[in-house]
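Here is the structure we will look at, set down as structure tokens.
A note on names: the letters A, B, ... follow the listed sequences, proteins ahead of strands, and every chain is numbered from 1.
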2 protein chains.
Amino acid sequence: MRVALLGFGSVGQGVARMLGEKDLGLTLTALADSKGGIIDPDGISVPEAFSRKEKSGSCGGQRPKVSALDIVNSDAYDVLVEVTPTNIETGEPALTHIRKALGLRRHVVTSNKGPIALAYRELTRLAGEKGVALRYEATVAGAIPIIHTLRHGLLGNTVAALFGVMNGTCNYILTRMEDEGLSYDQALGEAQEMGYAEKDPTYDVKGLDTALKLVILANTVWGMDAGLADVQVTGIDLITPEAIQLAMEEETAIRLIGEAIPSRDLLRVSPRIIPRNHPLLVEGTLNALTVVADMAGELTFIGKGAGSIETASAVIGDLLYIRERYAGIPEGRPDARRP
Amino acid sequence: MRVALLGFGSVGQGVARMLGEKDLGLTLTALADSKGGIIDPDGISVPEAFSRKEKSGSCGGQRPKVSALDIVNSDAYDVLVEVTPTNIETGEPALTHIRKALGLRRHVVTSNKGPIALAYRELTRLAGEKGVALRYEATVAGAIPIIHTLRHGLLGNTVAALFGVMNGTCNYILTRMEDEGLSYDQALGEAQEMGYAEKDPTYDVKGLDTALKLVILANTVWGMDAGLADVQVTGIDLITPEAIQLAMEEETAIRLIGEAIPSRDLLRVSPRIIPRNHPLLVEGTLNALTVVADMAGELTFIGKGAGSIETASAVIGDLLYIRERYAGIPEGRPDARRP
């Protein structure tokens, strides 16, 4: 199956590396970042793409110039992997890329929260009309295959509620305030030094990132058409060391929780008090999601919510799902081997 | 899709109830327990089956008598659901039922650990030759869709190791020894009173149940052909309150862990010391599984490991997977609805 990859940041580089290293039946035939692209029907050399990126600042560099849109409109690929940076206001340029690719009857896999949170109904309807797949496992909770689990593993269950720690930056800050008695500003500074928080941390600490993920999960599970405006959002930036201390004295802890409870019309992101022994109470940059389902009961999934290769794991799981489901490949693990 | 259900104990009753109550595109057309069966191409009334069971001791009762084998050999079904009791020495009668159904090109879904642990290679090869599915999510960790996650969600990952708390009986006993300072015998007696342990608890407390599940997971992930004899097994029956106390003093706890590490040729079930803050350390009858994968890193899944409806959740997830994959039903959640 031929893969076109748009975006060569942390996620794109992880996906490219894994496509280069692993024998998955996937060939990278097109690649672009914002500065330029390359198409090669015989398969792109991933080490050469990294070397071009280092030398010229772009992984592409084909002459005459090839843009991301040229790639989308080409017949060089079967699946588009859209991993350009998220824009939560317009969804662009990813929204245009995804729309065009689906319109051309190509499958799409994305880690980009913008288009999925902004245009979920439109895009899933378009994919359905064209008979192709739109997969977005990597938009929520990094390496945890939560969307796969909700769409397939738990099929037949009615989901009553979803709760989750979905932002590693906030969870790291709260864990450090707890463990070391730091103030919010001290813990944020430390998270920035460690590379866990952006220089402008607004998007994470104000709860917007969690809210986007919550919208994506709610739309997936309940077929809602929710957007950011439907979520009540409170961040972690006003939490005091005293509040943290008080929670600890009561054998609880404070975490930024996204919660969706459709029977109460509730989509909310806010700091919540969690009992010490609850599985959702994870430390550091981990993510955790609890699903309450009518048959399965309460299930919790814990894992790494970010990282180049961790997010690539989600993208590649989606690619192989499409390969099995649409290309008629027998089901099973390609890495099956005797120990 | 037409479903034949063999077995009307706890799991079978759960599956029957859910097929009766939920609109899943699945019709129960045949049903049997060890005493008798019934075939009805128009769909069997589940309340009437329960009522027959109560009155006559059998859910079937059709005259002339219909046996489980008659059903397997009939053309009344598309998928066989085999949930008769586990026999870990012979795998029977389930092994014969499953072999015959696969031979007749029917899909099979089972919660029965015997055939999957004893004849994994033979049965998966047969299913492959006949172009049908053999699914067994319900054999391991109840409601946690771990096999689905390993076979699909984490596809593309190389799994380096698996660790798990897979027996709720043992976990309950150890939790009670920890919380209340009970002796092993006191905690076992309590578990028996609560219905969490059998009158003869050997199969659970000696680690055999966990070992079977470990074999099934290892065969699934690594394509092994392991059996019970390949697992080093130590149970929990010799654990003293002093050992539990010592673990607690060091901020750890003792749990019965199944672990598979193919690079070390290791398949082992034994009581292990787990750090207090490790996600795998769950309380009471919960199950938990940690997967170590090359891309995704360490992932932990926590949920109910047993129960009639919880296990039915796994069986129904498999049935709907088959319906989507083989009957050409578009993917998606049938319960999708606005809140």
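From B:Leu280, atom CG reaches atom CD1 of A:Ile302 across 9.5 Å, with rounding to the nearest 0.5 Å. Taken to the nearest 0.5 Å, the OG atom of A:Ser313 stands 7.5 Å off from the CG atom of B:Leu299. Distance CG/A:Leu320 to CZ/B:Arg151: 14.5 Å, rounded to 0.5 Å. Here B:His152 contributes atom NE2 and A:His152 contributes atom NE2; the two are 9.0 Å apart, rounded to the nearest 0.5 Å. Here B:Leu154 contributes atom CG and A:Ile144 contributes atom CD1; the two are 10.5 Å apart, rounded to the nearest 0.5 Å. Note that NZ of A:Lys22 is 4.5 Å distant from CE of B:Met295, once rounded to the nearest 0.5 Å.
Within a 6.0 Å sphere centred on CZ of A:Arg276, heavy atoms belonging to other residues, nucleotides or ligands number more than 12. When the shell of 6.0 Å around CZ of A:Arg17 is examined, it contains 12 or fewer heavy atoms from other residues, nucleotides or ligands. More than 12 heavy-atom neighbours from other residues, nucleotides or ligands sit within 6.0 angstrom of CD on A:Glu21.
When the candidates A:Ala296, A:Gly303, A:Gly317 are compared by the number of heavy-atom contacts under 4.5 Å with chain B, A:Ala296 comes out ahead.
In this structure, A:Arg325 pairs ionically with B:Glu324, as a charged nitrogen and a carboxylate oxygen lie closer than 4.0 Å.
In plain terms, the two heavy atoms of A:Thr149 and B:Thr149 that are nearest each other are OG1-OG1, 4.0 Å.
Using a 4.5 Å cut-off between heavy atoms, B:Glu283 makes no contact with chain A at all.
Looking at heavy atoms from C-beta onward, B:Thr300 lies out of side-chain contact with A:Pro279 at the 4.5 angstrom threshold.
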